Amino acid sequence: MQLLVTNSPFSEAQLQHLNAVLPTLSEAQIQWLSGYLAFYRTGNSDAPINLNSAVVASIQEIPTAQPTIIAPKEATIVFGSQTGNSQRLAGRLSEKLKSIGFEVTLSAMNKFKPNDLKKATNLFVLVSTHGEGDPPDNAISFYDFLNSKRAPKLDGLKYSVLALGDTSYEFFCKTGQDFDAKLQELGAERLAERVDCDVDFEESASGWIDAVVSNIQAATTVVATTGNTVSIASSASGQTEYTRNRPFQAELLESINLNGRGSDRETRHLEISLEGSGITYEPGDAVGIVPHNNPVLVQDLIAALSWSSNDSITNKDGITSTIEEALTTQFEITVLSKTLLEKLAPYATTSKFNSLLADATAVKDYVKGRDLLDLVRDYGPLSLQPSDVPVVLRKIPARLYSIASSLKSHPEEVHLTIRKVQYESHGRARDGVCSVYVSERLKVGDQVSVFVQSNPNFKLPTNAEAPIIMIGPGTGVAPFRSFLEEREETGIVGKSWLFYGDRHYVTDFLYQTDWQRMLADGVLTKLEVAFSRDTKEKVYVQHRLLEHAAELYTWLEEGAYVYICGDEKYMAHDVHTALVNIVKQQRNVSEEDAKAYITQLQEDGRYLRDVY
């Protein structure tokens with residue numbers, strides 16, 4: 001094999017050496033050398049070559065004709081993530097690209113310098129959609145930049161977008177779609193088509209990652225004169241982890257109702273064994289539970305579809321079971337979406353179903369608060385058969401709950417705080433799928449399917465003794481029990497301030513004895529509570545914040561970190577407004593400047609939210 005080189009950086013003597021050595025190498029030697037050179041390029045170029053360095057890449061095809069030598073390329077990966085899914089997937093893509101010799105810049109969107117876009121040649125965006133079509137907290141600044149007049153032209157940039165979302169929401173994957181459209185508008189060229197992922201995203205995300213790796217190889221690898229290409233494969237990790245698709249079967253050790261007698265609420269404290277799993281977690285992480293549907297709802301749905309409970313069904317994983325078992329443990333039946341209605345359209349037997357689907361406003365109104373049983377009763381019959389279920393219905397989404405324990409305090413255990421949800425809607429009683437499952441049907445000693453989801457965006461300060469301000473009404477207080485147990489176990493003495501709220505002091509003060517013990521021991525410095533139904537005028541946590549505005553601002557100026565956990569639509573919004581007002585008042589500045597102060601806290605990683 002002779003090297004045919006144009007625009008070569010090599011001298012004639014170097015080319016003679018290369019032509020003398022290359023034809024003598026075995027495939028294994030070429031593989032080793034390819035990996036070594038990729039590794040050597042990232043080190044000190046002035047250092048002597050040490051051929052004992054053990055860096056190996058996998059090459060699927062060896063060039064069979066004269067190649068043109070092309071230098072390794074770079075890739076920039078940015079992620080916007082509220083709960084950590086986009087960040088984990090970005091890490092996976094980064095490792096794959098590094099393994100084939102790419103120099104990778106991996107960054108959260110709020111840490112990425114927008115002006116560096118001009119330097120990028122390959123950009124990969126992984127982002128979730130939060131709330132009603134909004135970017136996650138750490139994507140806001142980058143999203144705003146791209147949609148501002150300051151955004152640069154991006155001609156010559158190749159890119160691709162992975163969007164994460166939930167089809168049960170109206171604005172499914174909107175943030176990712178916005179990024180995709182804007183990058184194209186700015187002149188960038190798609191390297192791989194955008195993929196929109198539902199809550200069961202592993203298969204779709206893996207497909208997108210494979211497409212990105214394949215396409216970037218085709219665009220940047222060595223091209224031979226015959227048209228053959230070098231294809232460099234990434235090494236697969238052999239590490240096994242418990243995920244939504246492969247959860248750990250854990251034993252329930254304890255289930256305690258935290259609400260007192262007479263409360264109109266039921267909040268379960270669950271203690272779950274992780275023994276034998278090897279699972280670890282940190283304060284701020286979450287546990288996913290894969291719940292079971294209500295057996296009564298399953299029976300009613302089977303009857304409405306004129307099926308038999310013993311009808312057989314084989315899912316996409318090749319597992320055969322009865323339709324009753326499958327609808328109970330595998331498939332979502334409690335949430336409607338436009339996507340689901342479109343999948344069911346071929347099975348409609350009445351014109352009114354098609355009329356509904358044709359009216360976007362009517363669909364939006366109908367799917368709220370209704371389930372599959374409602375649809376069958378209102379717009380049936382459907383010609384759907386049990387064998388069609390794996391094609392039409394998605395898997396039961398796991399429900400994520402903030403961890404309420406420290407692993408250091410409770411080895412091989414994890415604690416959760418789950419409030420039972422039951423309500424009336426459209427003439428029927430409705431259950432929160434997971435909350436009623438764990439409170440009514442899951443008993444001590446039973447097995448429950450769980451996995452840990454890391455949340456790198458909701459962690460204790462790296463400076464362990466930095467002050468922390470924790471705002472968590474109701475079950476939102478769960479991660480702060482984890483935070484304080486961790487500090488207690490490690491002997492951290494930094495100041496801590498908890499704002500907690502619920503309805504009634506006597507019946508709804510979750511973990512009251514824990515907070516009182518921590519106050520007495522000095523683990524918790526200050527505690528402010530707000531019980532909205534115990535006073536003539538309702539008092540919430542944001543009111544307590546305003547009452548302590550001067551001291552709270554002092555803490556902020558001392559470097560305190562602010563954490564918010566709980567309801568996003570109301571509580572988190574009201575708390576944010578209160579914080580802006582506190583800064584405005586204490587600094588004597590405009591509202592715009594106060595908002596900029598809070599935004600800077602967020603950019604500095606000192607204003608962290610775990611909201612839903």
Side-chain angles (χ1 to χ4, degrees), residues 74-94 97 103-165 171-192 194-197 205 208 212 455-459 568 572 576 592 595-611:
E74 67 81 34
T76 300
I77 305 172
V78 295
F79 58 85
S81 181
Q82 196 74 31
T83 61
N85 285 329
S86 295
Q87 182 167 352
R88 282 190 298 280
L89 293 170
R92 278 171 48 185
L93 175 60
S94 175
L97 292 177
E103 293 183 355
V104 178
T105 299
L106 175 65
S107 176
M109 290 183 180
N110 63 337
K111 300 298 182 183
F112 183 72
K113 295 179 180 178
N115 288 333
D116 286 348
L117 274 178
K118 299 175 184 178
K119 306 174 187 177
T121 56
N122 298 293
L123 176 69
F124 303 110
V125 175
L126 300 90
V127 65
S128 60
T129 293
H130 194 58
E132 297 300 320
D134 301 319
D137 288 351
N138 66 352
I140 293 173
S141 57
F142 188 62
Y143 181 91
D144 289 345
F145 173 82
L146 278 185
N147 287 278
S148 72
K149 293 181 179 179
R150 296 181 293 119
K153 289 294 183 181
L154 298 175
D155 299 329
L157 175 71
K158 296 185 184 298
Y159 80 96
S160 186
V161 175
L162 182 70
L164 274 66
F171 300 103
F172 172 61
C173 286
K174 182 179 183 298
T175 301
Q177 294 165 5
D178 289 348
F179 271 114
D180 188 27
K182 193 63 183 181
L183 288 167
Q184 186 180 43
E185 179 186 323
L186 292 171
E189 177 187 352
R190 287 191 190 92
L191 183 69
R194 185 190 78 244
V195 171
D196 295 343
C197 298
W208 178 80
V212 164
N455 186 355
N457 303 312
F458 202 75
K459 287 286 183 281
E568 178 188 34
H576 182 87
E592 182 179 354
K595 288 180 178 178
Y597 181 96
I598 298 298
T599 298
Q600 189 60 53
L601 287 181
Q602 198 165 28
E603 292 295 313
D604 293 342
R606 289 176 49 210
Y607 180 54
L608 305 162
R609 306 193 313 158
D610 180 8
V611 294

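In this text the structure is predicted, and so the values were computed from the model without any measurement.
For the atom pair Glu74 CD and Leu123 CG, the distance stands at 9.0 Å (nearest 0.5 Å). Rounded to the nearest 0.5 angstrom, Asn122 CG and Ile77 CD1 are separated by 10.0 Å. Going from atom CD of Glu568 over to atom NE2 of His130 covers 3.5 Å, rounded to the nearest 0.5 Å. Atoms CD and OG, on Gln87 and Ser128 in that order, are 11.0 Å from each other to the nearest 0.5 Å. Remark: Leu117 CG to Thr76 OG1 distance equals 8.0 Å, nearest 0.5 Å. Rounding to the nearest 0.5 angstrom, the gap separating the OH atom in Tyr607 from the OG1 atom in Thr599 is 9.0 Å.
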- Would you check, one step at a time, whether the test side-chain contact (heavy atoms from CB on, under 4.5 Å) holds for Lys158 with Thr121? CA-CA 6 Å; Lys158 296 185 184 298; Thr121 56; over 6 Å; no

- Step-by-step salt bridge (charged side-chain N to carboxylate O under 4.0 Å, His left out) determination, Glu592 to Lys595: CA-CA 5 Å; Glu592 182 179 354; Lys595 288 180 178 178; over 6 Å; no

- Query: Please walk me through it: do Leu154 and Tyr159 pass side-chain contact (heavy atoms from CB on, under 4.5 Å)?
  - Reply: CA-CA 10 Å; Leu154 298 175; Tyr159 80 96; over 6 Å; no

- Using the side-chain contact (heavy atoms from CB on, under 4.5 Å) rule, take Leu93 and Leu162 through it: C-alpha gap first, then chi angles, then the decisive distance, then the call. CA-CA 11 Å; Leu93 175 60; Leu162 182 70; over 6 Å; no

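Residues Leu126 and Ala90 approach most closely at CD2-N, 3.6 Å, considering heavy atoms. Annotation for Ala572 and Val611: closest pair CB-CG1, 3.8 Å, computed over non-hydrogen atoms. Heavy atoms only, all atoms of each residue included: Asn138 and Met109 are closest at O-CB, 3.3 Å. Shortest non-hydrogen contact noted between Asp196 and Cys173 is CB-SG, 3.8 Å. The shortest heavy-atom contact between Leu97 and Phe124 is CD1-CE1, 4.1 Å. The minimum heavy-atom distance between Trp208 and Val161, with the atom names listed, is NE1-O, 3.3 Å.
Residues Asn110 and Gln602 bring no donor and acceptor atom of their side chains to less than 3.5 Å of each other.
The backbone N or O of Phe79 lies less than 3.5 Å from no partner atom in the side chain of Ser86, so there is not a single donor-acceptor pair. One N or O on the side chain of Gln177 and one on the backbone of Phe172 form a donor-acceptor pair closer than 3.5 Å.
Side-chain contact between Leu89 and Leu164 is present, with heavy atoms from C-beta onward closer than 4.5 Å. Counting only heavy atoms from C-beta outward, the side chains of Asn457 and Ser81 approach each other to under 4.5 Å.
Tested against Tyr143, the residues Thr175, Asp178, Asp134 include a single side chain to side chain donor-acceptor pair (under 3.5 Å) partner, Asp178.
Here Lys119 pairs with Asp116 in a salt bridge; the nearest charged N to carboxylate O distance falls below 4.0 Å.
Lys111 is linked by a side-chain contact (heavy atoms from CB on, under 4.5 Å) to Ser107, Ala108, counting only residues two or more places apart in sequence or in another chain. Residues satisfying the salt bridge (Lys or Arg N to Asp or Glu O under 4.0 Å) test with Asp180, not counting sequence neighbours, are Arg190, Arg194.
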